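Just follow the structure's listing: the first ligand is 1, and inside any ligand the first atom is 1. What you see is a predicted model, and the numbers here were worked out from it, not measured in a lab.
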Amino acid sequence: MSLVEVSELHRVFRMGRGAEDVTAVNRVSFAIEPGEALGLVGESGSGKSTIARILVGLEHADDGSAVIDGVDRLRPARSRAERLARARAVQMVFQDPNGSLDRRLTVEETLRRAIRLHDRGADVSAGALAALLDRVRLTERHARAKPHELSGGQRQRVAIARALAVSPKLVVLDEAVSALDVSVQAQVLELLAEIQRESGVSYLFVSHDLAVIRELCSRVLVLFRGTVVEQGETARVLSAPEHPYSRLLIASTPGPGWDPERVVRERMSFTQRMEAVAEGG
Ligand code: ADP
Ligand code: MG
């Protein structure tokens, strides 16, 4: 059985006051196997974060199902213990560790809290803490630092360590490397791949950037306005995209053979096609 089975997931934001409702997630289905990294790509507003937030329980769905490790995540948890068990199974890493790390806590305190939240009797040994830091290539020195004393890449490593502290089955990363410089991005992606090889954790890796998805994800799902327009092996989608929107996304990603003229040309013809579809033509 797959670790994650999402079926016909649907979420509409009711805007009220005569404004048009937004279908952020439109009947989306996918699966993630144990130890697999699935990429979720699409431009801003395509519904990526809404899907990510539904899976970790930060957002509700209107319809569909999301089963993770045998647990129906759309059914409310019945107890604190059940809520904690769910949180332990699925952890999230956000784009901006400034917003998600407590600025008053040292790295060590942040990691101890994460472990204790899930195991109140836990006596967090120095060895366990050192091992956790080592997994994200940080040291004792970083453990004593507060977030503002660290670089962006180091802060993101702390956020990853905090997620790993409870040995999750799935880590949902929402634009987790998007704010980092390209060279730091590459290091964090390499680290994520290494952690996956060692621990067998699964990733749902959300990004608007196909170049970073290519580095980490064996499969990718392409979203356009809440709808999955294409999914498959990353190498296949990148070399032979079937949907015009995937072709457009790939053309927008600087790389070998990148041609800005082609991006503009394809975007124009794509917009015309989509408008025709919207008008029922
Ligand atoms: P992405 O992460 O791909 O940029 P989001 O999932 O954040 O996309 O947003 C998808 C769509 O849903 C967008 O049109 C966005 O404006 C809308 N949306 C997201 N969250 C809310 C919300 N809380 N209230 C109203 N609309 C929202
Ligand atoms: Mg987003």
Subject >> Closest protein heavy atom (residue, atom, distance) for atom 19 (C) of ligand 1 >> reply: Phe13 CE1, 3.4 Å
Subject >> Protein contact to atom 5 (P) of ligand 1 [nearest heavy atom, distance to 0.1 Å] >> reply: Thr50 OG1, 3.7 Å
**OP:** Would you please test Asp63 and Arg27 for salt bridge (charged side-chain N to carboxylate O under 4.0 Å, His left out) and show each step?
**Re:** CA-CA 8 Å; Asp63 201 7; Arg27 308 258 155 233; 3.1 Å; yes
Subject >> Distance in Å, Leu38 CG paired with Leu204 CG, rounded so as to fall on 0.5 Å steps >> reply: 5.5 Å
Original post:
How long is the gap from CG on Leu173 to CD on Gln91, to the nearest 0.5 Å?
Top reply: 11.0 Å
Subject >> Pi-cation contact, Tyr245 with Arg247 (under 6.0 Å, within 45°) >> reply: no
Subject >> Heavy-atom neighbours of Arg103 CZ exceed 12 at 6.0 Å >> reply: no
Subject >> Protein-derived N, O or S atoms lying under 2.8 Å from the Mg ion (ligand 2), waters excluded >> reply: 1
Original post:
Is the closest heavy atom of Glu43 to ligand 1 under 4.0 Å?
Top reply: yes
**OP:** Take Glu190 and Arg197 through the salt bridge (charged side-chain N to carboxylate O under 4.0 Å, His left out) test and state the conclusion after the steps.
**Re:** CA-CA 11 Å; Glu190 178 50 42; Arg197 282 194 298 273; 3.5 Å; yes
**OP:** Please write down residue, atom name and distance for the protein heavy atom closest to atom 3 (O) of ligand 1.
**Re:** Lys48 NZ, 2.8 Å
Subject >> Nearest protein heavy atom with distance in Å, relative to atom 12 (O) of ligand 1 >> reply: Ala24 CB, 3.4 Å
Subject >> For atom 1 (P) of ligand 1, closest protein heavy-atom neighbour >> reply: Gly45 N, 3.4 Å
Subject >> Heavy-atom gap Gly47 to ligand 1 smaller than 4.0 Å >> reply: yes
Original post:
For ligand 1, which atoms sit closer than 4.0 Å to a heavy atom of Ser46?
Top reply: 1 (P), 3 (O), 8 (O)
Subject >> Approximate separation, where rounding is to 0.5 Å, of Leu55 CG and Ile68 CD1 >> reply: 5.0 Å
Original post:
What do you reckon, is CD of Glu140 surrounded by more than 12 foreign heavy atoms closer than 6.0 Å?
Top reply: no
Subject >> Minimum-distance protein heavy atom relative to atom 7 (O) of ligand 1 >> reply: Ser49 CB, 3.7 Å
Original post:
For atom 15 (C) of ligand 1, is some protein heavy-atom partner under 4.0 Å away?
Top reply: no
**OP:** To the nearest 0.5 Å, tell me how far Asp62 CG sits from Arg14 CZ.
**Re:** 6.0 Å
Subject >> Rounded distance (nearest 0.5 Å) linking atom CZ of Arg73 with atom CZ of Arg86 >> reply: 6.0 Å
Original post:
Just wondering, more than 12 heavy atoms not from Arg225 lying within 6.0 Å of its CZ?
Top reply: no
